[in-house]
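The chains referred to below are lettered A, B, ... by the order of the sequence lines, with proteins before strands, and numbering in each begins at 1.
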Amino acid sequence: MNTPPIQTLIILLGPTGIGKTALSEVIADHFQTEIISCDSRQLFSEMSIGTAVPDDQLLKRIPHHFIRSHSIFDSYNAARFETDVIDLLQTLFAKNPVILMTGGSMLYIDAVCKGIDDLPDIDPELRSTISERHKNFGIDHMRAELKLLDPVYYREVDLQNPVRILHALEICYTTGRTFSSQRTKTVKERNFRILKIGLNRDRSELYDRINQRVDEMMQNGLEQEARKLYPFKHLNTLNTVGYRELFEYFDGDCTLAQAVEKIKANTRKYARKQLTWFRKDTEINWFHPDQEQEIIQFISN
RNA sequence: ACGGGUGUAGCUCAGUCGGUAGAGCACUGGUCUCCAAAACCAGGUGUCGGGCGUUCGAGUCGCUCCUCCCGUG
């Protein structure tokens with residue numbers, strides 16, 4: 001068996017529902033390695049059905065990392081993921097020169113590959129204070145505040161997008177410095193090789209798989225899982241496809257059937273968004289999920 | 001069979017006095033260095049059921065055929 005010359009992180013990526021999990025099992029078996037999940041929602045132990053976590057048999061047979069490892073009451077973000085994965089990789093590479101990371105969280109993948117600027121976590125109290133101000137005084141007020149505190153970023157940012165404006169303000173208030181001065185966008189050098197494998201297939205086929213998987217999630221008890229989380233629906237982590245639509249149903253804003261249709265539509269939309277992001281990444285080597293042998297051969301060369 | 005209604009974008013529907021059709025969702029594309037399965041931006045994709053007629057001009061008016069629905073038989 002050929003193995004790549006140096007320590008290699010294989011990244012298996014693609015839109016939701018494309019077939020990453022099945023292929024990750026094949027690749028992990030072939031290289032006798034472990035799997036790092038790169039999924040910003042499979043992290044949370046309370047959200048298993050709606051995030052299509054691999055089944056227990058697979059999780060038992062092949063060690064997986066960052067699956068059900070955190071609670072929805074913990075705060076987590078891409079920067080933490082970068083730190084955690086880079087730390088873990090040092091341990092894993094000591095045992096095996098090839099490690100597989102699989103998932104579709106675009107920002108998290110980039111954080112691992114290129115690094116992310118070192119910015120502080122935001123204190124929840126400050127976050128809610130700023131969010132309240134936005135609610136009470138409106139977006140124009142927040143824009144004016146940003147223009148005053150960080151005129152450079154004010155000129156760059158999408159002024160239509162409250163989330164961007166509010167986050168910049170959070171950083172300004174937390175650090176006492178402008179957000180723009182801390183946004184260096186420096187690409188970090190990694191001491192291992194990165195091999196990106198992208199999966200894609202016909203759009204209609206992908207949509208069929210997505211629709212079918214949502215039906216399966218419902219059969220597997222997604223409604224009950226969401227019902228348990230309903231009391232915490234205000235948490236940002238639960239502003240997630242598959243859960244927020246069911247919360248609308250619990251609120252009486254739509255029927256169950258309508259909620260399921262919305263989950264399907266929003267999942268398709270998410271898949272498109274992922275493809276838009278991945279499309280511009282020239283490092284990705286694209287394959288059809290059925291090309292198992294070709295992919296393994298490609299990795300081995 | 002007769003009477004009434006209906007037919008416009010993939011779906012649900014709007015369309016004034018006759019002036020070559022528009023909204024939501026779907027769909028498609030894009031932005032994005034940290035709450036990212038989030039947030040934001042852009043794009044109308046059409047044999048107006050078919051045909052004939054009136055008119056300078058018909059989604060709109062008339063006739064006719066067809067579809068589906070309701071009622072009566």
Exercise. Between the side chains of A/Glu82 and A/Tyr108, is a donor N or O closer than 3.5 angstrom to an acceptor N or O?
Worked result: no
Exercise. Just wondering, do A/Leu149 and A/Tyr173 contact through their side chains at under 4.5 Å, heavy atoms?
Worked result: yes
For this session: Rounded to the nearest angstrom, tell me the gap between atom CG in A/Asn161 and atom C1' in B/A38.
Result: 10 Å
Exercise. A/Tyr153 vs A/Phe179 aromatic rings, parallel, tilted or perpendicular, using cut-offs 30° and 60°?
Worked result: perpendicular
Seminar exercise, completed: Pairing partner of B/A1, by Watson-Crick or G-U wobble and under 3.5 Å for both distances, is B/U72
Exercise. Are the charged groups of A/Asp150 and A/Arg177 less than 4.0 angstrom apart, N to O?
Worked result: no
Exercise. Does any residue of residues 171-191 of chain A have a heavy atom under 4.0 Å from RNA chain B, and if so, which ones, in number order?
Worked result: A/Phe179, A/Arg183, A/Lys185, A/Thr186
Exercise. Between A/Phe81 and A/Phe66, does the ring centre distance come in under 6.0 Å?
Worked result: yes
Exercise. Of all the nucleotides listed (B/U31, B/A39, B/A36), which has the minimum atom distance to the side chain of A/Lys280?
Worked result: B/U31
Exercise. If you pin A/Tyr270 and A/Asp118 to their nearest nucleotides in RNA chain B, which one's is more 5'?
Worked result: A/Asp118
For this session: Mind checking A/Gly242 for me? I need base, sugar-phosphate or nothing, with any heavy atom below 4.0 Å counting as a touch.
Result: nothing
Exercise. Ion pair present between A/Glu46 and A/Arg41, side-chain N to carboxylate O less than 4.0 angstrom?
Worked result: no
Problem set entry | Between B/G44 and B/U28 - C1' atom distance, rounded Å | 11 Å
Problem set entry | Any donor-acceptor N or O pair under 3.5 Å, side chains A/Asn266, A/Glu245 | yes
Exercise. For residues 67-87 of chain A, which residues have at least one heavy atom under 4.0 Å from RNA chain B?
Worked result: A/Tyr76, A/Asn77, A/Ala78, A/Ala79
For this session: Send over the distance from A/Leu169 CG to B/C35 P, rounded to a whole Å.
Result: 13 Å
For this session: In whole angstrom, give me the gap between the P atoms of B/G22 and B/C27.
Result: 23 Å
Exercise. Taking the same atom, P, in B/A58 and in B/G19, what whole-Å distance lies between them?
Worked result: 11 Å
Exercise. Which nucleotide, in any strand shown, forms a Watson-Crick or G-U wobble pair with B/U28, with both distances under 3.5 Å?
Worked result: B/A42
Problem set entry | Identity of whatever pairs with B/C13 - Watson-Crick or G-U, under 3.5 angstrom | B/G22
Exercise. So does A/Lys185 pair up with A/Asp117, basic N to acidic O under 4.0 Å?
Worked result: no
Exercise. What is the distance, rounded to the nearest whole Å, between atom CG of A/Asp158 and atom C1' of B/U33?
Worked result: 15 Å
Problem set entry | side-chain N/O A/Arg41 vs B/A36 OP1/OP2, d < 4.0 Å | yes
Problem set entry | Distance in angstrom units between A/Met142 CE and B/C40 C1', rounded | 17 Å
Exercise. How many Å lie between CD on A/Glu261 and P on B/G24, as a whole number?
Worked result: 21 Å
Exercise. B/G49 and B/A38: how far apart are their P atoms, nearest whole angstrom?
Worked result: 39 Å
Exercise. Are A/Lys135 and A/Glu132 close enough for a salt bridge, meaning some N to O gap below 4.0 Å?
Worked result: yes
Exercise. Charged N to carboxylate O below 4.0 Å: is that the case for A/Arg68 and A/Asp56?
Worked result: yes
For this session: Write down the distance separating the C1' atoms in B/U16 and B/C52, rounded off to the nearest Å.
Result: 28 Å
Exercise. Do NZ/NE/NH1/NH2 and the carboxylate oxygens of A/Arg133 and A/Glu170 come within less than 4.0 Å?
Worked result: no
Problem set entry | Nucleotide forming a Watson-Crick or wobble pair with B/C48, both distances under 3.5 Å | none
Problem set entry | Integer-rounded Å distance: B/A36 P and A/Tyr243 OH | 15 Å
For this session: Rounded to the nearest angstrom, tell me the gap between atom CZ in A/Phe44 and atom P in B/A38.
Result: 14 Å
For this session: Determine the contact category for A/Thr51: base if any of its heavy atoms lies under 4.0 Å from a base atom, sugar-phosphate if only primed atoms, P, OP1 or OP2 are that close, otherwise nothing.
Result: base
Problem set entry | B/C70 versus B/A9 - spacing of their P atoms, nearest Å | 22 Å
Exercise. Does a nitrogen or oxygen in the side chain of A/Asn239 sit under 4.0 Å from OP1 or OP2 of B/A39?
Worked result: yes
Problem set entry | Euclidean distance, atom NE2 of residue A/His167 to atom P of B/C40 [Å, nearest integer] | 17 Å
For this session: Please tell me if the side chains of A/Gln182 and A/Leu119 come closer than 4.5 Å, counting only heavy atoms from C-beta onward.
Result: yes
For this session: Apply the test salt bridge (Lys or Arg N to Asp or Glu O under 4.0 Å) to residues A/Glu283 and A/Lys114: give CA-CA distance (whole Å), side-chain angles for both, the deciding distance (0.1 Å), then the verdict.
Result: CA-CA 12 Å; A/Glu283 292 172 6; A/Lys114 302 190 288 190; over 6 Å; no
Problem set entry | Distance in Å, A/Thr237 OG1 paired with A/Phe232 CZ, rounded so as to fall on 0.5 Å steps | 12.5 Å
I'd like a list of close polar pairs between nucleotides 27-29 of chain B and the protein, N/O only, cut-off under 3.5 Å.
{"unit_1": "B/C27", "atom_1": "OP1", "unit_2": "A/Arg268", "atom_2": "NE", "d": "2.4"}
{"unit_1": "B/C27", "atom_1": "OP1", "unit_2": "A/Arg268", "atom_2": "NH2", "d": "3.3"}
{"unit_1": "B/C27", "atom_1": "OP2", "unit_2": "A/Arg272", "atom_2": "NH1", "d": "3.3"}
{"unit_1": "B/C27", "atom_1": "OP2", "unit_2": "A/Arg272", "atom_2": "NH2", "d": "3.0"}
{"unit_1": "B/C27", "atom_1": "O5'", "unit_2": "A/Arg272", "atom_2": "NH1", "d": "3.4"}
{"unit_1": "B/U28", "atom_1": "OP1", "unit_2": "A/Arg203", "atom_2": "NH1", "d": "3.3"}
{"unit_1": "B/U28", "atom_1": "OP1", "unit_2": "A/Tyr207", "atom_2": "OH", "d": "3.1"}
{"unit_1": "B/U28", "atom_1": "OP2", "unit_2": "A/Tyr207", "atom_2": "OH", "d": "2.4"}
{"unit_1": "B/U28", "atom_1": "OP2", "unit_2": "A/Arg272", "atom_2": "NE", "d": "3.0"}
{"unit_1": "B/U28", "atom_1": "OP2", "unit_2": "A/Arg272", "atom_2": "NH1", "d": "2.4"}
{"unit_1": "B/G29", "atom_1": "OP1", "unit_2": "A/Arg203", "atom_2": "NH2", "d": "3.4"}
{"unit_1": "B/G29", "atom_1": "OP2", "unit_2": "A/Arg203", "atom_2": "NH1", "d": "3.2"}

For this session: In whole angstrom, give me the gap between the P atoms of B/G24 and B/C34.
Result: 30 Å
Exercise. Closest nucleotide of RNA chain B for A/Asp121 versus for A/Met217: which of these residues is on the 5' side?
Worked result: A/Asp121
Exercise. Taking the same atom, C1', in B/C66 and in B/U20, what whole-Å distance lies between them?
Worked result: 25 Å
